[in-house]
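See structure below.
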Amino acid sequence: MDCEEAVYSNDYYDFIVDYSQQRRESAINVCQQTISQYFSIKYLPRSESLPLNIVNYSYTSIPKCFALMDESALEASGILKIQNQPALSLKGQGVLIGFLDTGIDYESQVFRNSDGSTRILAVWDQTDRTGKPPEGFIYGTEYTEVEINEALNSMNPKAVVPITDPEGHGTFIASVAAGSEVPEQDFIGAAPASRIVMVKLKPAKEYLREFFFVPRDAEAFQENDIMAGVAYLEQVAQRHHMPLVICFGLGSNMGSHVGVSHLSMLLNDSAVRSGRATVVAAGNEGNERHHYYGVIEKGMEYQNVEVNVGEGVDGFSAELWASPPQRFQVEIVSPTGERMPSEFILSGGMEYRFLFENTKVTVDYRITGILNGAQVVYMRFEGPTQGIWNIRVIPEMELNSMFHIWLPMKGLLKGEVFFVRSNPDTTLTVPSTAAVPMSVGAYDARDNSIYLRSGRGFTTSGMVKPDFVAPGVGVYGAGLRDTFTTRDGTSVSVAVAAGAVALLMEWGVVRGNYSTMSSMEMKNILIRGATRDPKRTYPDKAFGWGRLNLYQAFENLRIR
């Protein structure tokens, strides 16, 4: 069996195996990619497997699809003051910043030293099958600093190292967090002396895009490839004995939003290690009407949730999450009034085809997760007709009940689908709800207003997220082929924050001023230094604990 082919081929299913819930078995005759001591990925032939749906496979084993989150920002965040403070002069020296994105324009001047050599330590191109994979991985090609420098010194760099970034997103984010100074363009990244490692993620397989109704032109990446990328960043940091900041600018609406997904747990595990920090974008779902919060008071028979489906929608999914020990059943009512029959099911599913709409709806009930045992009701609408669809949520017990429903995030939907009575809170994307990483929202540094699309807290368990916000509107950074441009979004604000964390890590870990500083303590230092509006009550669902202010964070350290 060609395991590399299984990774790329649409004829193979990808499944995430969680050894905390399953017995570790031999991988004989099964292609397998180890991620950590807790997780691995198995690749199974579709021809020998049951059809892909939540009924046949566990909810958590199917990789979710993730999408990109798209005065100067550094000045507003107090980063320039720290870079230019004579006694500190922090630039990220000795710190590694890792990215998982669309690639990197390694020829750009923003990723080079003054002598023209590269500041990129390594790149794992998951899309490139021509070279040698990283140690311990079964796919993609790894390019080292030596190979990139060889390419830069050649007449045809792409012939030596064929890494590209067609979309430009990875190049921009890496430049904001770690770009070298380019005086003629009045540009400097937050941590311009840090080293860079990039994982160029491979696109999601076609069968998974079809299952989740991801539009053909949308950038979408699989959860298992992202998890492998996180493991690779940790490997590079260990190999070079460097502290690591992971800059994570991806997100998904799928999950309980309580921080217990497989990816969230992997990021938690990385962030608690010594010399590690993970910074995650809060997502751009705050204003998209993709979240519904329901409260059913005692005595109420049900609550009606209206979903508006626009023209030309091929399909969509919706996830209802209940907090234990609550459980619900749902009835689906079509725009013409036809009702899908239902019954209380602890675990299992059903399919129903609406006659007049010619719409197939699958509903599956699961108790998921060993940490909280929450119920998830997964609803999949295939070929939904235009109009108002009703999800009638019925509680199992006569108690005051609460539930959340999420639709897919904007970047993974074709057409217009939204809740008629939506709720803007708890719109953080997964995995920004993870406990240990720093969750970063976006604001406009020109007037200190929140970026309207920035994901809002808190988590469904009440944990304060986002932790803070950073500039994410009109931020200046590198485009392709040594051009410069501006972008908006929480993937931009998380790049600013990741650079700030790298400067803090240089002062504490690399220079030995606070060598025992943990990821949680770094987060708390930045929270204590955040700028807070006296007219606002904190923590705030949009701003978290305030606006990133690295200079004030150091002021607080100096005072103590």
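Counting begins at 1 with the first residue of the sequence.
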- Query: Just checking, R487 and F172: is the charged tip under 6.0 Å from the six-membered ring centre and within 45° of the axis?
  - Reply: yes
Gap between atom [atom2] of [Y] and atom [atom1] of [X] - 0.5 Å precision:
X    : Y    : atom1 : atom2 : value
Q33  : F39  : CD    : CZ    : 14.5 Å
S61  : N224 : OG    : CG    : 11.0 Å
H290 : T429 : NE2   : OG1   : 13.0 Å
M265 : S36  : CE    : OG    : 9.0 Å
K414 : D217 : NZ    : CG    : 9.0 Å
S519 : N268 : OG    : CG    : 9.5 Å

Would you say [X] and [Y] make side-chain contact, with heavy atoms under 4.5 Å?
X    : Y    : value
T278 : M438 : no
F66  : K64  : yes
W321 : T460 : no
V199 : L233 : yes
T426 : W406 : yes
E319 : I405 : no
L407 : Y292 : no
P63  : L208 : yes

Do the ring centers of [X] and [Y] come within less than 6.0 Å of each other?
X    : Y    : value
Y13  : F15  : yes
F316 : F213 : no
F354 : W389 : yes
F468 : F543 : no
Y451 : Y443 : no

- Message: Walk me through whether F221 and L250 qualify under side-chain contact (heavy atoms from CB on, under 4.5 Å).
- Response: CA-CA 9 Å; F221 308 99; L250 305 160; 4.1 Å; yes
Under 3.5 Å, is there a donor-acceptor pair between the side chain of [X] and the main chain of [Y]?
X    : Y    : result
R209 : R216 : yes
S264 : V260 : no
D101 : G170 : yes
T433 : V430 : no
Q303 : V295 : yes
N284 : T490 : yes
E521 : S518 : no
E351 : K360 : no
K523 : V436 : yes
Q375 : F328 : yes

- Task: Test side-chain contact (heavy atoms from CB on, under 4.5 Å) on Y378 and I62 and set out the steps.
- Result: CA-CA 13 Å; Y378 182 83; I62 300 174; over 6 Å; no
Distance-only donor-acceptor check, side chains [X] and [Y], under 3.5 Å:
X    : Y    : answer
W124 : Q126 : no
T359 : E382 : no
D467 : S439 : no
S449 : D444 : no
H291 : H404 : yes
Y302 : Q329 : no
D11  : Y207 : no

- Task: Show the numbers, then the answer: is there a salt bridge (Lys or Arg N to Asp or Glu O under 4.0 Å) between R456 and E285?
- Result: CA-CA 8 Å; R456 293 169 56 98; E285 285 289 295; over 6 Å; no
- Within a radius of less than 6.0 Å around CZ of F356, do more than 12 heavy atoms belonging to other residues, nucleotides or ligands occur? no
- Message: Just checking E5: does its CD atom have more than 12 heavy atoms from other residues, nucleotides or ligands closer to it than 6.0 angstrom?
- Response: yes
Which atom names give the shortest non-hydrogen contact between [X] and [Y], and what distance separates them?
X    : Y    : value
S40  : T34  : CB-CA, 4.1 Å
I226 : L100 : O-CD2, 3.6 Å
M409 : A67  : CE-CB, 3.8 Å
A498 : V245 : O-CG1, 3.8 Å
P335 : T385 : CG-CG2, 3.8 Å
D540 : F458 : O-CE2, 3.8 Å

- Between R289 and E416, is there a side-chain N and carboxylate O pair less than 4.0 Å apart? no
- Query: Given the rule in the salt bridge (Lys or Arg N to Asp or Glu O under 4.0 Å) test, do R392 and E301 qualify, once you have shown the distances and angles that lead to the verdict?
  - Reply: CA-CA 10 Å; R392 187 170 292 174; E301 184 179 347; over 6 Å; no
- Might you work through the side-chain contact (heavy atoms from CB on, under 4.5 Å) test for V417 and N308, ending with a clear yes or no? CA-CA 6 Å; V417 182; N308 185 86; over 6 Å; no
- Verdict with supporting geometry, K205 and D14, salt bridge (Lys or Arg N to Asp or Glu O under 4.0 Å): CA-CA 9 Å; K205 288 184 177 180; D14 301 16; 2.8 Å; yes
- F137 vs Y232 aromatic rings, parallel, tilted or perpendicular, using cut-offs 30° and 60°? perpendicular
- Message: Taking side-chain hydrogen bond (donor to acceptor under 3.5 Å, both in side chains) as the criterion, tell me which of D125, D225, T127 meets it with K202.
- Response: D225
- Which is it for M340 and V333 under the side-chain contact (heavy atoms from CB on, under 4.5 Å) test, yes or no, and what are the steps along the way? CA-CA 6 Å; M340 177 181 183; V333 183; over 6 Å; no
